[in-house]
Amino acid sequence: APLLESRVCQYTRTADRHFLLGPHPRIHNLFLLGAGSGHGFKHGPVVGQYAADLMTKGADIPPQWRLDRLF
């Protein structure tokens, strides 16, 4: 039978499988949040609220989510 449709499922994750969360190291007004594929949909609301608190209240970023752990 001919192929009638195809879909792509985007999947993002880090090597250590933790989220990425924090300010961009060189672009002052850019905040990064990602690598939640597979389980990000269920954590999205809480991680989104946490990111908002980081940007507005200056909360601490957990070490396992910090961007600098990858450099």
Side-chain angles (χ1 to χ4, degrees):
L3 178 62
L4 300 177
E5 181 179 346
S6 67
R7 296 179 187 207
V8 174
C9 179
Q10 299 296 326
Y11 194 89
T12 60
R13 70 176 187 149
T14 59
D16 62 7
R17 299 183 182 199
H18 291 292
F19 293 114
L20 289 174
L21 181 63
H24 189 279
R26 291 183 299 244
I27 303 173
H28 178 69
N29 63 345
L30 179 62
F31 195 89
L32 301 172
L33 171 61
S37 288
H39 59 278
F41 72 96
K42 60 186 169 188
H43 296 290
V46 173
V47 175
Q49 182 62 56
Y50 193 79
D53 288 345
L54 285 169
M55 290 184 273
T56 60
K57 300 176 185 173
D60 290 327
I61 302 171
Q64 68 271 22
W65 291 0
R66 295 179 60 85
L67 298 174
D68 58 6
R69 76 181 196 279
L70 302 174
F71 304 109

Worksheet item: Would a hydrophobic clustering, with Ile, Leu, Val, Met, Phe, Trp and Tyr connected at side-chain separations under 4.5 Å, put V46 with F19?
Response: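 Not linked; separate clusters.
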
Worksheet item: Are L30 and L70 in one and the same hydrophobic cluster, where Ile, Leu, Val, Met, Phe, Trp and Tyr link if side-chain heavy atoms are under 4.5 Å apart?
Response: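 They do share one cluster, since a chain of ILVMFWY contacts under 4.5 Å joins L30 to L70.
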
In Å and rounded to the nearest 0.5 Å, what is the [atom1] to [atom2] distance from [X] to [Y]?
X: L33; Y: W65; atom1: CG; atom2: CH2; answer: 8.5 Å
X: R13; Y: L20; atom1: CZ; atom2: CG; answer: 12.5 Å
X: Q64; Y: L21; atom1: CD; atom2: CG; answer: 10.0 Å
X: D60; Y: Y50; atom1: CG; atom2: OH; answer: 6.5 Å

Worksheet item: Counting only heavy atoms not in D16, do more than 12 fall under 6.0 Å of its CG?
Response: yes

Worksheet item: Counting only heavy atoms not in R69, do more than 12 sit closer than 6.0 Å to its CZ atom?
Response: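 Counting neighbours around CZ of R69, more than 12 heavy atoms of other residues, nucleotides or ligands fall under 6.0 Å, so yes.
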
Heavy-atom closest contact ([X] atom, [Y] atom, distance):
X: L54; Y: A59; result: CD2-O, 2.7 Å
X: I61; Y: G22; result: CD1-CA, 3.7 Å
X: A51; Y: F31; result: CB-CE2, 3.9 Å

